[in-house]
Protein chains: 2
Amino acid sequence: MQNRSPSGGGESLLFLTDDQLRKGIEAMFFAYRGFTADPDRILAKHGYGRAHHRAIHFVNRQPGTTVNNLLDILGVTKQSLNRVLRRLVEDKLVDSRVGPHDKRERHLYLTERGRVLEHELSEAQRRRMRAAYRAAGPDAVQGFRKVLEQIMDPQMRVFLNTMSDRS
Amino acid sequence: MQNRSPSGGGESLLFLTDDQLRKGIEAMFFAYRGFTADPDRILAKHGYGRAHHRAIHFVNRQPGTTVNNLLDILGVTKQSLNRVLRRLVEDKLVDSRVGPHDKRERHLYLTERGRVLEHELSEAQRRRMRAAYRAAGPDAVQGFRKVLEQIMDPQMRVFLNTMSDRS
DNA sequence: CATTTTATGTCAGTCTTGTTGACTTTCCAA
DNA sequence: TTGGAAAGTCAACAAGACTGACATAAAATG
């Protein structure tokens with residue numbers, strides 16, 4: 001019993017057994033745990049959680065982004081994000097500035113301290129990804145990215161590939 | 001400025017920019033959210049959370065597994081798992097039987113009701129994975145699996161590829 | 001100019017799912 | 001047979017999600 005359609009490659013219709021899919025599902029679960037493990041350890045030392053990491057990551061990625069922008073990306077409620085941001089502002093990792101044109105908005109920036117933690121977190125995460133990419137090879141990486149983009153909701157796909165400007 | 005090493009394919013050493021890695025990291029984040037979205041909706045209807053899904057999934061995968069086995073797989077504390085299992089046993093989705101040889105152990109099985117919910121959850125998750133796999137193509141799927149296995153901790157890699165017996 | 005809408009934030013309370021610590025039951029080995 | 005290890009349960013607590021109600025201030029609209 002083979003899993004591929006006879007032609008064997010490309011865009012043909014795949015025969016996908018439940019067991020094949022189950023392995024992919026479990027792989028996602030286990031990989032995501034590994035993926036978050038290194039940052040989680042660093043965050044725990046500082047008394048933060050995964051929610052703080054996410055906020056720091058996306059503020060770093062789009063300096064000057066507003067709270068509302070972040071809400072769209074993170075997909076949580078403003079109350080939940082607010083708790084996290086308040087803490088980060090208190091701890092002087094994030095700077096919240098009133099909008100120059102629209103004073104209702106708060107524009108968010110990492111402080112120097114914020115950038116230090118961001119770098120520590122992202123470097124740990126990149127280290128694991130780099131090792132995985134190198135072990136799997138460039139073709140596998142391309143496939144990896146391709147499947148992940150298909151799994152996510154289309155909105156996020158757009159966001160992912162815009163704004164790779166800085167640096 | 002190109003991202004690949006000159007040879008362009010295969011097992012050569014990759015030049016991986018921080019931006020390439022960042023895209024992979026964000027792709028994991030967004031994809032995982034999509035990955036859990038469909039089951040989450042179903043679970044919410046029944047008043048369950050993601051933890052219940054995980055327990056149901058792995059009890060279904062290894063009928064008769066013990067609590068200790070589950071703990072190794074799930075990577076949470078036994079107290080945390082116990083709360084989830086207690087609820088599932090109360091609700092008659094999981095059957096907990098005292099071990100025949102070692103009475104300290106509890107062997108776990110899905111009931112008929114449990115299997116019904118398990119199927120609803122896994123079918124929703126498979127539907128999304130199937131669509132993503134088909135859109136990405138078989139080569140991409142192979143790469144996807146390969147990179148995920150590299151990201152996860154090695155212990156889990158072993159578990160993933162053993163025990164694909166039933167069915 | 002008055003009213004409504006939007007953006008942000010606060011407060012209170014709930015739920016899920018992690019955590020640690022204390023405990024019981026059971027098994028096994030000294 | 002007794003003492004420790006292993007498996008599982010119970011109690012209490014914390015992080016971080018959620019909802020709903022409300023306050024404030026600015027912008028947009030009539």
Side-chain angles (χ1 to χ4, degrees), chain A residues 29 32-33 36-37 39-59 64-91 94-108, chain B residues 29 32-33 36-37 39-59 64-91 94-109 121:
Chain A
F29 171 63
Y32 195 77
R33 206 165 56 190
T36 56
D40 281 354
R41 268 187 291 273
I42 295 165
L43 290 158
K45 285 194 306 181
H46 297 255
Y48 296 121
R50 222 172 269 180
H52 301 91
H53 184 190
R54 293 197 283 263
I56 288 170
H57 174 95
F58 287 108
V59 169
T65 189
T66 62
V67 174
N68 243 9
N69 281 339
L70 271 189
L71 289 177
D72 288 342
I73 295 161
L74 295 175
V76 296
T77 59
K78 62 179 177 178
Q79 294 89 336
S80 186
L81 175 58
N82 186 54
R83 192 193 321 104
V84 169
L85 281 178
R86 198 191 320 158
R87 173 90 190 280
L88 293 174
V89 170
E90 277 170 14
D91 294 356
V94 167
D95 195 13
S96 171
R97 303 181 204 159
V98 171
H101 299 330
D102 187 334
K103 290 178 193 167
R104 292 168 301 180
E105 295 178 345
R106 300 290 178 279
H107 294 261
L108 304 168
Chain B
F29 172 62
Y32 196 76
R33 208 166 53 189
T36 55
D40 281 354
R41 268 187 290 273
I42 295 165
L43 289 158
K45 285 193 306 181
H46 297 255
Y48 296 120
R50 223 172 268 180
H52 300 91
H53 185 190
R54 294 198 282 262
I56 288 169
H57 174 94
F58 288 108
V59 169
T65 190
T66 62
V67 174
N68 242 12
N69 281 337
L70 270 188
L71 289 178
D72 288 342
I73 295 162
L74 296 174
V76 295
T77 58
K78 60 182 177 175
Q79 295 87 336
S80 187
L81 175 58
N82 184 250
R83 193 191 315 102
V84 169
L85 281 178
R86 199 190 320 159
R87 173 89 191 282
L88 293 175
V89 169
E90 276 170 16
D91 294 358
V94 168
D95 194 12
S96 172
R97 304 182 203 159
V98 172
H101 300 330
D102 188 334
K103 289 179 194 165
R104 291 172 302 178
E105 295 178 344
R106 300 289 179 277
H107 294 262
L108 304 168
Y109 302 85
L121 292 167

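For the numbers below, each heavy atom of this structure counts, side chains included, while hydrogens, waters and symmetry mates do not. Below, read A as the first sequence line, B as the second, and so on, with proteins coming before strands; counting in each chain starts at 1.
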Novice: Take the protein atom CG of Leu108(A) and the nucleotide atom P of dA7(C), then report the distance between them rounded to whole Å.
Specialist: 15 Å
Novice: What residues, two or more places apart in sequence or in another chain, satisfy side chain to side chain contact (heavy atoms under 4.5 Å, CB included) together with Asn82(B)?
Specialist: Arg86(B)
Novice: For the CD1 atom of Ile73(B) and the OG1 atom of Thr65(B), what is their distance to the nearest 0.5 Å?
Specialist: 5.5 Å
Novice: Is Val98(A) close to Arg106(A) at the side-chain level, that is, under 4.5 Å between some pair of heavy atoms?
Specialist: yes
Novice: Look at Asn82(A) and dT10(C) and indicate whether a side-chain polar atom (N or O) is within less than 4.0 Å of OP1 or OP2.
Specialist: yes
Novice: What residues form a side chain to side chain donor-acceptor pair (under 3.5 Å) with Arg33(B), not counting sequence neighbours?
Specialist: none
Novice: Working to the nearest 0.5 Å, report the span between CG of Asp102(B) and OG1 of Thr66(B).
Specialist: 9.5 Å
Novice: Tell me which pairs pass side chain to side chain donor-acceptor pair (under 3.5 Å) where either residue lies in residues 39-51 of chain A, with sequence neighbours left out.
Specialist: Thr36(A)-Arg50(A), Asp38(A)-Arg41(A), Asp40(A)-Arg50(A), Tyr48(A)-Asp91(A)
Novice: Could you tell me from which nucleotide to which nucleotide of DNA chain D, 5' to 3', there is an atom under 4.0 Å from chain A heavy atoms?
Specialist: dG16(D) to dA27(D)
Novice: Would you kindly give the CZ-to-P distance between Arg87(A) and dG9(C), to the nearest whole Å?
Specialist: 17 Å
Novice: Starting from C1' on dG9(C), measure out to CG on Leu71(A) and report it in whole angstrom.
Specialist: 12 Å
Novice: How far does CG of Leu81(B) sit from CG of Leu71(B), to the nearest 0.5 angstrom?
Specialist: 5.0 Å
Novice: Can you name the side chain to side chain contact (heavy atoms under 4.5 Å, CB included) partners of Asp72(B), sequence neighbours left out?
Specialist: none
Novice: Strictly under 4.0 angstrom, non-hydrogen atoms only: write out the protein contact profile of nucleotides 17-30 of chain C, one letter per nucleotide from the 5' end, B, S or -.
Specialist: BBBBB----BS---
